[in-house]
Amino acid sequence: MGGGEIAFVNEAFDTNWVAPLGPNVTGFEGDLEGYLGNDMNVAVLSSGTAAIHLGLKLLGVGQGDEVLCQSFTFAASANPITYLGASPIFIDSEATTWNISPELLEKAINQRLSEGKKPKAIITVHLYGMPYKVKEIHAIARHYDIPVLEDSAEALGSTFNNRPCGTFGDIAILSFNGNKIITTSGGGALVSPRKEIRDKAIFLATQARDNAPHYQHSEIGHNYRMSNVLAGIGRGQMQVLDERIHARRRNYDYYVKSLQSIDGISFLAEPEGMFSNRWLSCILTPSFTIREKIRLALDEENIESRPLWKPMHMQPVFQKGMHFTNGTSEDLFNRGLCLPSGSNLLQEDLERIVEIIKTVLL
Ligand SMILES: *Cc1c(COP(=O)(O)O)cnc(C)c1O
C-alpha cells in the first residue's frame, strides 16, 4: 500500500457507502479515465477475468463462436471464452515482444475464413507489461474487420508510441488483483472508447436490471461490480502508480546491469516506441536445465522465482483446442524465469538475488 488508501476506505465507512456503488467507485473510474486519457470510458469490476467475460459478451461472442487468443498468457485471458460456449484458437508469439505473432494471426484468420468460419474476436495481451506489436496487429484486425479485446491486465503504465496500453482495443481490460502493479486486493476494469459499451458493461455487471420501479430483467446479468470499499484502495493506489512503475523498472535495470555480461543470460529489451512497466523482470537462460538450477538455488535460499507462463496450447485443459504455433512460447516457457520483481524490493535484496544467480552460472 502507498499510504493514501486508508483515508478513502475510512471515508467509505464513515459515510456508510459499503456497497458495490458509491463515490470511490466513480472516483476510481475518473482517476483511471484521467490516467488513460484518449477519451476512454472505464467501468470498475470485481476482477480482470470478469472484465474479459463481459468484454467478450459485448463483442457478440456466443455459443459455437471462435475467438483467436494469444497462447503465451495467464489462463484468465482464455477461460472466459469457454464461459460463453465459444472455442479459443491459440496463436503463438514472436520473439521481439513475446506477444502474439502478426504472421500467425493472419495465417489463422485466413485458414478459418477458408473453412467458412470467421473468428468473432481477437484477444491480445501485453505480457509482463511489454506492449505487443500494436500497429501490425490492429492493422490485421481492421483489415479483416474483427474486434480486439486488449488484455492489459499486466500493463497499466506501459505505452506504445507514448499512448497508454489499455486504450487500443475495441474493449480493453485491466486487473487490480493482489499480484498486479497496483491492487485493490481483487478487482478489474473494462475500458472502451465508446461510452455506450461502458454503460452496457455496468448494466450487465449489476444483474441487468431494467429501468422500472420493480425488479425487471430482460437479459441475463452478472454480479461483477467493484465494491466502494475496494475502489477506495484503488484511488489511493493511483497516487503511487508512477512510483510503482519506477520501482519495477529499477529492479529490471539492476538485473540487466548485473547479469547481462554473463554468457547465455538474455533479457527482453524494449523495441522502438515501446515502454514497459516491467511488471515482472524476466530472464532467458541457455536451457531448461540451467533455468531449473537457478530456480532451485534461489528456492534453497527461500527466494521464490517462477518459470514464465506455460502457453495455453500446452495446457491439459486446452489440449483439444486448435492452435497456430511456431515454437516461440514453448521455448520461452522452457528457458525463461521470472525473478523477484516486487515494488518493495530493497537494493540488498536485489544484490542477494544476483549473487545467487552468479554462483550457479560462473
Ligand atoms: C491477472 C491477469 C488476468 C486476470 O485478472 P484478475 O483480476 O486476476 O481476474 C487476465 N489476464 C492476464 C494476462 C493477467 O495477468
Side-chain angles (χ1 to χ4, degrees), residues 20 28-29 32 42-57 61 67-84 88 90-93 97-100 121-132 134 137 148-158 165-166 168-169 171-191 201 205 222-227 230-231 233-234 237 244 248 268 276-282 306-313 315 317-318 329 332-333 336 338 341-343:
F28 188 27
E29 289 174 341
L32 288 164
V42 174
V44 290
L45 301 171
S46 53
S47 71
T49 309
I52 296 172
H53 187 191
L54 288 186
L56 291 174
K57 205 169 177 179
V61 174
V67 175
L68 302 161
C69 180
Q70 180 165 323
S71 185
F72 193 42
T73 186
F74 176 48
S77 302
N79 284 339
I81 300 169
T82 68
Y83 305 167
L84 292 161
F90 293 113
I91 312 292
D92 213 330
S93 290
T97 71
W98 294 0
N99 292 310
I100 189 165
I122 302 166
I123 301 178
T124 55
V125 188
H126 306 291
L127 208 65
Y128 301 117
M130 182 63 78
Y132 58 82
V134 169
I137 296 296
V148 174
L149 187 136
E150 177 194 1
D151 181 344
S152 197
E154 302 179 0
L156 182 60
S158 299
C165 291
F168 296 108
I171 292 177
I173 72 96
L174 304 170
S175 169
F176 313 111
N177 197 45
N179 57 342
K180 298 305 196 300
I181 194 151
I182 61 165
T183 181
T184 57
S185 74
L190 182 143
V191 183
H222 305 267
N223 182 5
Y224 277 172
R225 200 67 165 123
M226 180 181 280
S227 146
L230 299 191
I233 304 179
Q237 287 274 283
R244 297 287 185 267
R248 300 268 169 164
L268 182 65
S276 169
N277 66 9
R278 297 293 184 191
W279 173 58
L280 297 188
S281 288
C282 307
R306 290 186 203 161
L308 303 191
W309 296 122
K310 180 170 183 170
M312 291 305 112
H313 71 271
Q315 296 288 354
V317 71
F318 291 123
S329 61
L332 293 169
F333 170 60
C338 302
S341 303
S343 310

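Numbering starts at 1 and runs along the sequence shown. Just follow the structure's listing: the first ligand is 1, and inside any ligand the first atom is 1. As a basis for the values below, the full set of heavy atoms in this structure was taken, side chains included, without hydrogen atoms, waters or symmetry mates.
- In this structure, CD1 in Ile91 is found 5.0 Å from CG in Leu68, a value given to the nearest 0.5 Å.
- Using a 4.5 Å cut-off on side-chain heavy atoms (C-beta onward), Tyr132 and Glu150 make contact.
- Listed by number with element, the atoms of ligand 1 under 4.0 angstrom from any heavy atom of Ser175 are 1 (C), 5 (O), 6 (P), 7 (O), 8 (O).
- At least one side-chain heavy atom of His313 sits under 4.5 Å from a side-chain heavy atom of Ser329.
- Taking every non-hydrogen atom of Ser47 and a distance limit under 4.0 Å, the qualifying atoms of ligand 1 come out as 7 (O), 9 (O).
- Those atoms of ligand 1 that come under 4.0 Å of a heavy atom in Ala76, given as number and element, are 3 (C), 4 (C), 10 (C).
- Contacts of Ala153 with ligand 1, taken as heavy-atom pairs under 4.0 Å, involve the side chain alone.
- Aromatic ring orientation, Tyr128 versus Trp98: perpendicular (interplanar angle above 60°, classes split at 30° and 60°).
- Closest heavy-atom approach to atom 11 (N) of ligand 1 among the candidates Thr49, Asp151, Asn79: Asp151.
- Distance CD/Glu29 to CG/Leu45: 8.0 Å, rounded to 0.5 Å.
- Nearest protein heavy-atom neighbour of atom 15 (O) of ligand 1: Glu154 OE2, 2.5 Å.
- Ring orientation note: the planes of Phe28 and Phe176 are tilted relative to one another, at an angle of 30° to 60°.
- Among Asp151, Thr124, Asn99, the one residue that satisfies the side chain to side chain donor-acceptor pair (under 3.5 Å) test with Gln70 is Asn99.
- Close contacts of ligand 1 with Gly187, meaning ligand atoms under 4.0 Å from a residue heavy atom, involve 7 (O).
- Of all heavy-atom pairs spanning His222 and His53, the tightest one is CE1-CE1, 3.4 Å.
- Where the criterion is an N or O separation shorter than 3.5 Å, residue side chain and backbone included, Gly48 meets it with respect to ligand 1.
- Not a single heavy atom of Gly188 sits less than 4.0 Å from an atom of ligand 1.
- Of the protein's heavy atoms, Lys180 NZ, 2.9 Å lies nearest to atom 2 (C) of ligand 1.
- Each of the following atoms of ligand 1 lies closer than 4.0 Å to a heavy atom of Thr73: 13 (C).
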